[in-house]
Student: 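Here's a structure for you.
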Number of protein chains: 2
Amino acid sequence: MDAEQAPPETSSDREDHLKRDRTARSFVTSEDVARLAGVSRSAVSRTFTPGASVSADVRHRVQEAAKTLGYRVNRLARSLISDQSNLVGVVGANLSLPFMARQLDELSRELLRRGMQCLLLNAAEAEQGITPLIELILEFRVRAIVVMSGSPPSSIIDECMANGVRVILVNRQDDDTEADTIISDDLNGARIAAERLLRAGCRRIGVVGSGAQTPTQIRRRGAFVDRVREAGIEPAVWASGGTAYETGMDAARGLLSAHDLDGVFCVTDLMALGFLDGAREMGRRVPDDLSIIGFDDIQQSAWAAYRLTTIRQSMSDLTESVLAAIERKMTGERGDLAHEVLPVELVERATVRSTS
Amino acid sequence: MDAEQAPPETSSDREDHLKRDRTARSFVTSEDVARLAGVSRSAVSRTFTPGASVSADVRHRVQEAAKTLGYRVNRLARSLISDQSNLVGVVGANLSLPFMARQLDELSRELLRRGMQCLLLNAAEAEQGITPLIELILEFRVRAIVVMSGSPPSSIIDECMANGVRVILVNRQDDDTEADTIISDDLNGARIAAERLLRAGCRRIGVVGSGAQTPTQIRRRGAFVDRVREAGIEPAVWASGGTAYETGMDAARGLLSAHDLDGVFCVTDLMALGFLDGAREMGRRVPDDLSIIGFDDIQQSAWAAYRLTTIRQSMSDLTESVLAAIERKMTGERGDLAHEVLPVELVERATVRSTS
DNA sequence: GTTAGGTTTGCACACGTGTGCAAAGGTTGC
DNA sequence: GCAACCTTTGCACACGTGTGCAAACCTAAC
């Protein structure tokens, strides 16, 4: 208001007050644009609000001024009013693992396409669980939180829900939580794997997992063991190391030197590829001496050096379900939590003997 | 103020005004905490501001109230004042490619560790360039922008710089831009690769790249071709397809059926692995008949099925340089743009004949 | 008891934006 | 020319936070 009466003085006054020098200039505000265009600040705001009432003349002048000054609306201030941002918090660890990377790639792409942005927090260093990360995300007033790694305690999930922020757990445990959960059908997948090995005539069977006691690991391994036992076979079990290629390699060396297996299920493709390389190193011919099945169908499994038979979970289905859950939030309904179990399918390649 | 005189009426009044029902309750504000603790809002703010002046008694009461109500500071509002957030914008595409995934993994992890958050925008669908994405990022008043994909025109970079937002280009072109650029030493790496092949006795040499005309591609291919020509050899060139494993496979089929090569440099490990598989498929023995060198040293290159000899760029060096650039921004200095060229090294594995 | 000095507290403003409301302006029909 | 109506515009408030400033309070020294 004083600004219009004495522009130069106010301008320098403002700079003094904010203690900013010219090299680190602040952002252009709608006030600046309004002044240049000779209109009120409201007119500027309305120009950038679809469906608002502005005359063509004013709109043009404002746009011109905005372009001249390089004006960008401040989403922080905007979100302050609407009390919601277009941000979606994403918690993930080991982003370089093929399956995780692919998941993040698709999710971030689709989020952007639908006008949302992705606030990514890497849970790698989260020794005390991911609760602090979720608390941090909440401070950004996100629209929803997607958890791809770690197991949030139900207390923090409740807090999110109480604040209207949906929590979507991807391939995490599904029991006793109030969150949306989207998992691939681990039980059925493991069962299919077991049956495929049995059908190939395997009788000395093993199962390979990492030492991490994640729900996914446990489900896949458990369902596989159960099914194999039904056939009267007690499988050899490997469960140590991290979720990595090297673990598969170690498992091959460990299991194959102790048992003469002819069929192995690895709960993760990445470990399956390591196991395959390890088995070859030990002179086993795949699939003639030994059949191997993985889970996930990562891109590397299709590579010519491997051609791994595996259980595929559809990545696009998964992404789509996550997005559906996020967008369901917007309608403001309640109590309609998603508990989706996505179907899996067997992908036949070259690491299991064809049924005789 | 009226609130303390007639709490219930004001409360319902407020709800009516905001048109919110109980299912979608708003977040708790510092005002709410202050009321419960029986102090002013300033006291609440100061309690959560390190180094502010609050008595132990008040601090305790506030913390108690905050815990009871589940208060989370609103970072959007906070950033509105300080005119800067702890956000760092990251632009990347093809996040599932091993090299990119690894880069993002390290970057997001380190950012979080230093108290910053990662605003990730996937540039996959950016047909009209990444300028719109950067504009979007600017609206969040980020502290800096890291570009790992696409080539931003200098106009948008200038705008960022004018607003005090550093732009850091990772493995992008370095000429004629006002941004920080951090690239690995492509020229030297390609030269080392060429010399290694020549030293192994290769004389019928090829080079494989994708059809994408990215600066990295061009630099690596160009430097390699130059060095080979110095030795009086004209290399066969493959340059089509995407940046993928399949491209390497196609290249092997195409190049090897036309020329009887004994040494090949692939500008990317991913393509090298495809090429290696393709060469094997065509009956070539590696490294006896044919030597192959890649670039990047992705994790898959160390796998037993490949054991690819390659040029390594240190991921941790790269991440560290990016972070250093981001943090240099905070000091507010000017004109001290980074133009780093990170050293590379040859990693000897099993796809090049040992020097006789 | 008084004063000086330190600590704690609340007021009030600022940050940049969206939007209800009423005033102003413009158009049309009689 | 006037009334009725629609469009456009500006004012003023709201969002939730941080912080300078001065008042209030407490402590200790004289």
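To find a chain, count down the sequence lines: A is the first, B the second, and so on, and within it residues start at 1. Side chains are part of it too, since the values below use all heavy atoms of this structure and drop only hydrogens, waters and symmetry mates.
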Student: Roughly, in whole Å, what's the span from CG in A/Leu76 to C1' in C/dG18?
Tutor: 15 Å

Student: Return the set of residues passing side chain to side chain contact (heavy atoms under 4.5 Å, CB included) with B/Ser45 (not counting sequence neighbours), or none when no residue passes.
Tutor: B/Thr49

Student: Just how far, in rounded Å, is P of D/dT17 from CZ of B/Arg75?
Tutor: 12 Å

Student: Looking at the rings of B/Phe27 and B/Tyr71, which for Trp means the six-membered one, are their centres under 6.0 Å apart?
Tutor: no

Student: Can you list everything that forms a side-chain hydrogen bond (donor to acceptor under 3.5 Å, both in side chains) with B/Arg78? Sequence neighbours excluded, please.
Tutor: none

Student: Please tell me which of the listed nucleotides, D/dG18, D/dA14, D/dG16, lies nearest to the side chain of B/Val73?
Tutor: D/dG18

Student: Mind checking what makes side-chain hydrogen bond (donor to acceptor under 3.5 Å, both in side chains) contact with A/Glu139, not counting sequence neighbours?
Tutor: B/Arg75

Student: Listing time: all N or O pairs from protein to nucleotides 11-13 of chain C that are below 3.5 Å?
Tutor:
residue : atom : partner : partner atom : Å
C/dC11  : N4   : B/Ser42 : OG           : 2.8

Student: Return the set of residues passing salt bridge (charged side-chain N to carboxylate O under 4.0 Å, His left out) with A/Arg61 (not counting sequence neighbours), or none when no residue passes.
Tutor: A/Asp57

Student: Near DNA chain D, under 4.0 Å by heavy atom, which residues of residues 53-68 of chain A?
Tutor: A/Ser53, A/Val54, A/Ser55, A/Val58

Student: Report which part of the nucleic acid B/Val44 touches: base, sugar-phosphate, or nothing (heavy-atom distance under 4.0 Å, all strands).
Tutor: nothing

Student: For A/Asp83 and C/dT19, give me the distance from atom CG to atom C1', rounded to whole Å.
Tutor: 16 Å

Student: Can you name the salt bridge (charged side-chain N to carboxylate O under 4.0 Å, His left out) partners of B/Glu159, sequence neighbours left out?
Tutor: A/Arg72

Student: Taking CZ from A/Arg35 and P from D/dG10, how many angstroms apart are they, rounded to a whole number?
Tutor: 14 Å

Student: Note down the inter-axis angle between the two ends of the helix from C/dG1-D/dC30 to C/dC30-D/dG1, five pairs each, to the nearest 10°.
Tutor: 40°

Student: What's A/Tyr71 touching, base or sugar-phosphate or nothing? Going by heavy atoms closer than 4.0 Å.
Tutor: sugar-phosphate

Student: Going by the rule side chain to side chain contact (heavy atoms under 4.5 Å, CB included), which residues pair with B/Pro132 if we only count those two or more places apart in sequence or in a different chain?
Tutor: B/Gln128

Student: From the set C/dT17, D/dT19, D/dG16, return the single nucleotide nearest to any side-chain atom of B/Ser45.
Tutor: D/dT19

Student: Taking salt bridge (charged side-chain N to carboxylate O under 4.0 Å, His left out) as the test, write out the residues that go with A/Asp105, two or more places apart.
Tutor: A/Arg109

Student: Among pairs that include at least one residue of residues 113-132 of chain A, which meet ring-ring contact (aromatic ring centres under 6.0 Å, His included), considering only residues two or more places apart or in two chains?
Tutor: none

Student: Among C/dT17, D/dC15, C/dT19, find the nucleotide with the atom closest to the side chain of A/Thr49.
Tutor: C/dT19

Student: Calculate the interatomic distance between B/Arg78 atom CZ and C/dA14 atom P; express it in whole Å.
Tutor: 21 Å

Student: Without swapping roles, check the side chain of A/Ser85 against the backbone of A/Arg141 for a donor-acceptor pair under 3.5 Å.
Tutor: yes

Student: So, using salt bridge (charged side-chain N to carboxylate O under 4.0 Å, His left out) as the criterion, who are the partners of B/Glu178 when residues are at least two apart?
Tutor: none

Student: Could you state the CD-P distance from A/Glu31 to C/dT17, rounded to the nearest angstrom?
Tutor: 10 Å

Student: When you compare the side chains of B/Ser321 and B/Glu340, does any donor N or O come within less than 3.5 Å of an acceptor on the partner?
Tutor: yes

Student: Round to a whole Å and report the spacing from CD of A/Gln84 to P of D/dG16.
Tutor: 13 Å

Student: For A/Asp32 and C/dT17, give me the distance from atom CG to atom C1', rounded to whole Å.
Tutor: 13 Å

